[in-house]
Each structure stands twice: as C-alpha cells, then as structure tokens.
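None of these values were measured; they are calculated from a predicted model. Letters A, B, ... are given to chains in the order of the sequence lines, protein chains preceding strands, and every chain is numbered from 1.
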Amino acid sequence: MSISVIEIRGLCVDYALASGVLRAVDDVSFTLSRQEVLGIAGESGSGKSSIALALLGLLDSTDSRTRGSVDFDGQSLIGLDEAGWRGIRGRRIGAVFQSPRECFNPTMTIGQHFEDALREHFGLSRQLATTRTLEALERVRMPRAREVIGSYAFELSGGMCQRAALALALVLEPAVLIADEPTASLDLLAQVDIARLLAELRTELGLAMLVISHDLGLIGRLADRVAIMHKGRIVETGPTVQVFREPTDAYTRELLAACRPASTRSSMSGTGATA
Amino acid sequence: MLRFIATRIAGVVPQLLLVSLLAFGIVKAAPGDPVASLAGGVEFMSAADHARVSHNLGLDQPLPVQYGRWLARMLQGDWGSSLKDGRPVFEVVARALGYSLLLVGIVWTLIIVTGIVLGYLAGSAPESRRDTVISGFAALSFAVPPFWLGLMLIVVFSVGLGLLPASGSARIGGSGSLIDRAAHLVLPVATLLLTQLGPYIRLVRSSVRDTLSAGFVRAARARGLSRRTLVRRYILPNALTPFITWAGLSLPLLISGAFVVEWVFSWPGLGRLFLQSAMSREYPFLMGCVVVVCTLVIAGNLLADCLVAALNPKLRRSHAGE
C-alpha cells in the first residue's frame, strides 16, 4: 500500500454534557492511503461524524476535548492554529455533509459560494471563478449548470444540492474528500445518483475518500476498506468484501443482518438504473 | 424588487385611511366639550353663542361630512389651527416632529449599531463572562422604567454634577450653538437608549447563536473561509433578518418610550405636544399627532419589509414570480 494521507492514532473525543462526560470516539486508529476509499460504518451516535469533525478541526473546544494524534500528509493537525486550519480545511481536506440544502447560505446564490471559496483560497477574480465554477459543476454532471450558478439552494432539489456541494468541495482540489452521510437525507433515486457519481469521481480523479455512512449498501459500493464503529470504537476493520462476506465481530454480523433489506434494495435499484 | 415595494406601498394606503378614521373617531368620542372649553366652561356661554361657535368650527355637521372635510384639508396640508390661540396645527406638529425625529432618529441609529455589536459579542461566545455581562445589562435595560432613569440622570448629571442641562432643546436666550443643542440631547438620548436597548441585544444574541449552529456556517468553516467572510457574508445577513423586522416593528415602542422621555426632559417633540394637547383638549393637535405617529409606525414597518425582502432572496423571488 502507498503512503498514507491521513493517519489517526488513538483518537478520543469527549463531549462535556450536563450529566457528565460522553466519550463519543474511543481510542480510534486508522490510516487512509492515497487514492483509497475508506468506509466508516455504524449506527447513528456511534461517533462516526465526530471523527469527520476532528479531521476538520471543527469540534467546539469549549465543550469537547480531543486527544490522540491526527496527521495529514505527515503534518500533525492537533493544536493547529486558526490560520493553519484555513490552509487545510477545504483546500486539502474537502467535505460534504448530509442535508445538502442546509449547507448553502440561504441569502447567497450557489455561484457566490464558489466565488468566496475560490477568492479566499486561490485569489481568483469573479470572472475566473465563474469559469472554474462551471467546470466544477460540469464535472459533477450538473444539468443546466449556468442556471444553477444564479440559483439559490431552496430552488434546487436535494440531489442537485448535493451535486453542487460536491462540486464546491472539489473545486478547491482537495487531496481527501470526507463524505459524511452524503446520501442520508436524499430520496431513493437521488441516493443512487449520488452514489454512482461518487464512484465515478473516485476513478476519474483518483481521490482519497472517507465515506461515513450508516448505509452499508453505499459503503459496499464505494469503499475498498471498511471500519465498523460501535459505541465510539472500531470493532472490526478490513477489506470491504471480506468484512461483508465473513464478519468476525458479533456487532458487525448484527449490523449486516439489520441492513440486509436496505442493501439488497440499493443494489437492486443500482442495477436497475444501469440497465 | 421594485414591484414588491410598489405592492407594499399600495397596501399602505388603506392602512393610512384607517388611521385617519381612527384618529378622527377616537378624538370625536373623547369626553369634554371643546366649544365650551373655549370659554372656560359651559356656564360661561349662552346657547346661541355655543351654536354659533359650533357652526363656525363646523362641529354641527354630520360626522361623515366632518371627516370628509377634515381629510380633504389634511391632504392639502391645511391641518386647521388651535382651538385656543389659533396657532396653525401643521406648522406646530411639523416643528415637534422635527424634534422627535432628531431624538428618535439618533436613538434608533445608536440602538441598531450597539444592538448588533453587543448582541453579536454575546451570542458569538455563549455562556462566557462577556455574554453574562452583556445579557445582564440587557435584562437591566428591560426592567428600568424610562421616567425613573430620566429623573435619576437629572439628579446626578444636572443637579448633582451640574454637567448637563436637564430640560428643553437649547438654553433660553442662548445663541443656540451646536454644542449647546448637543448638550441638551445627551440625557434624553441616554435615557431612551438605555431603557430600549435590552430587547434588541437579546434578539441579536439569540439569532447569532442559532445561526452559528446552522449547517451552512459549519459547511463554510469546513471550506476554510476566513472569519471576516464568515461573519460578514454568512452569519450576519442571516442573523440580522429577525432583527431588522423587529427594528421596524418596534418603532411604536420607541416612539411611546420617547413620549415619556420628552415629558421628563421637556423636549419639544411630538410626545410632549401630544400629552399637552390631550390635557387641554386641543383636538386639532391631537389628531395631527396621532396621524403623524401612525404614519411613522407604518413607514417603519414598510422600511423593515423592504429591507428584509432585500436580504431574503426567498421572499424576493416568490414575489417576483407572482
């Protein structure tokens, strides 16, 4: 395996709650290699999203505490200052989240989001930004891209919003893309669309991806390796095919059994759409 | 956008008519005989004189006729004259309005600036010491009645320290210099500002808190945008929408607060004129004040509507699509 872009060792994330301390992530370690797709699967509340937030330095320091080491490209992200984070967030590590419509500022057009990002990271003028935006939107096969630039998120469907969010993450040419529940809030057809798009982008761009989802169908389709999370810990990890076929951990077996109807459904609609 | 504003302005016309009707109606329904009070009481006037004066003033006509005439004259800028000393209402009300606009305008501007700044400082660091101090101040501002604070400020700064004038808009017999006028404004402005600021701070604080936890702010931070861009383009435009609505809608509160403050500091504005006219049953002045104050309130709402629409594309687009 090639050199790793992300290396996490003994990551713990604690949240201070009124009732005490909640350990959301408990001694988690994994690496992500170049061009690799790692799936992190688990039920909601298993600590998956906290890992994404820790990787982006977005955990609120007033009510949470992070321990362990998080390295990106050999550089430690722990204790980075705000200016240091700005060079990482978006530019080196891109992210898309669930509920894509809510990820766009309702007072700005889709195009203005691209403008802000391209101006701050690359110092691009408005005109150059528009050219780049169009390219990025076409890369995610956005229909009527020119129109979308002047639209607001509330005027687009959920699937189109997620496409736009993906384009917005990719326009900054990150080395790693974190997809945190990228299909969770979408309708079934849009889920299939976005999953296929992610698979295509992955082969086209050779992007390293961290796909965080409770949807084992999505993970099975995209991920080379999978880490199964339960109550903040990684209970099993390995090549996706192997883990799905011969799970060794009891929780993994339980999860696979629970997801079977969902995973057969998504693979069926997937083949239906390709045919 | 222009169409949206035009629709809103068209909607204002019936509101204004209703206001004029109310102003007319309320004053007509008020107790007391204005004709008799001219002579100092009904016992000082013969029935014939009473009828003659009533006729001259048009007070013997049916109410709809009185209203129609009154409205027509109002629209021409002829607002009648004082029942007692013949001063023209339009000019007196206009002068008072000037003073009120000066006071309320300054306070409104200060409230908007300090409300946004303090509310943002509190809301962006919830439960911090900074938040506790600012929120405490906001609660205090809610609780303190303006007449009490006004009197206390007079006691301390005018009577005690002799630093600032306690009443009026300029020194009597003075040159009316800018400094003198500004000195007369300090205490009324301070009283009104300190007693009105609370809700504005609270509103900005809570909507900044809400906006900070919104998905698009997290997503924007995840894109590595600078703090400046985040605050100016993502947080404030969204957090200030309810504030702008409230800044427009709360204009009546500010104006009624100004009534009390004008009274305490003998500030020659609409509030003082209104209260004086109410006490001496000067109906023309009362009606003039009511119409002007209501128009201000409607204008405040209109302004807020248009600003919110300018900031909120959802509203703007849905109206453009009509």
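- Annotation: A/Arg126, atom CZ; neighbour count of heavy atoms from other residues, nucleotides and ligands within 6.0 Å does not exceed 12.
- Annotation: maximal heavy-atom pairing with chain B below 4.5 Å, among A/Glu155, A/Gln112, A/Arg91, occurs at A/Glu155.
- In terms of heavy atoms, B/Arg233 sits closest to A/Thr107 at O-OG1, 4.2 Å.
- Counting only heavy atoms from C-beta outward, the side chains of A/His113 and B/Tyr234 approach each other to under 4.5 Å.
- With sequence neighbours excluded, the residues forming a ring-ring contact (aromatic ring centres under 6.0 Å, His included) with A/Phe154 are A/Tyr152, listed by chain and number.
- Taken to the nearest 0.5 Å, the CD atom of A/Glu82 stands 6.5 Å off from the CZ atom of B/Arg221.
- Interface check for chain B: of the options A/Pro100, A/Ala83, A/Cys103, the most heavy-atom pairs under 4.5 Å are formed by A/Cys103.
- The neighbour count for A/Glu102 CD, taken as heavy atoms of other residues, nucleotides or ligands under 6.0 Å away, does not exceed 12.
- Note: B/Gly224 leads B/Gly224, B/Gly215, B/Ala125, B/Ala219 in heavy-atom pairs under 4.5 Å with chain A.
- Closest heavy-atom contact between A/Phe104 and B/Phe216: C-CB, 3.5 Å.
- Heavy atoms from other residues, nucleotides or ligands lying under 6.0 Å from CZ of A/Arg146 number 12 at most.
- Atom CZ of residue B/Arg223 and atom CG of residue A/Leu56 lie 12.0 Å apart, to the nearest 0.5 angstrom.
- For the atom pair A/His121 NE2 and B/Leu225 CG, the distance stands at 6.0 Å (nearest 0.5 Å).
- When heavy atoms are compared at a cutoff of 4.5 Å, A/Arg119 approaches chain B solely by way of its side chain, counted from C-beta outward.
- In this structure, the separation between CZ on B/Arg218 and CG on A/Leu53 is 5.5 Å, given to the nearest 0.5 Å.
- In this structure a side-chain-to-backbone donor-acceptor pair under 3.5 Å is missing from A/Asp116 to B/Thr229.
- Heavy-atom distances place both the backbone and the side chain of B/Ala222 under 4.5 Å from chain A.
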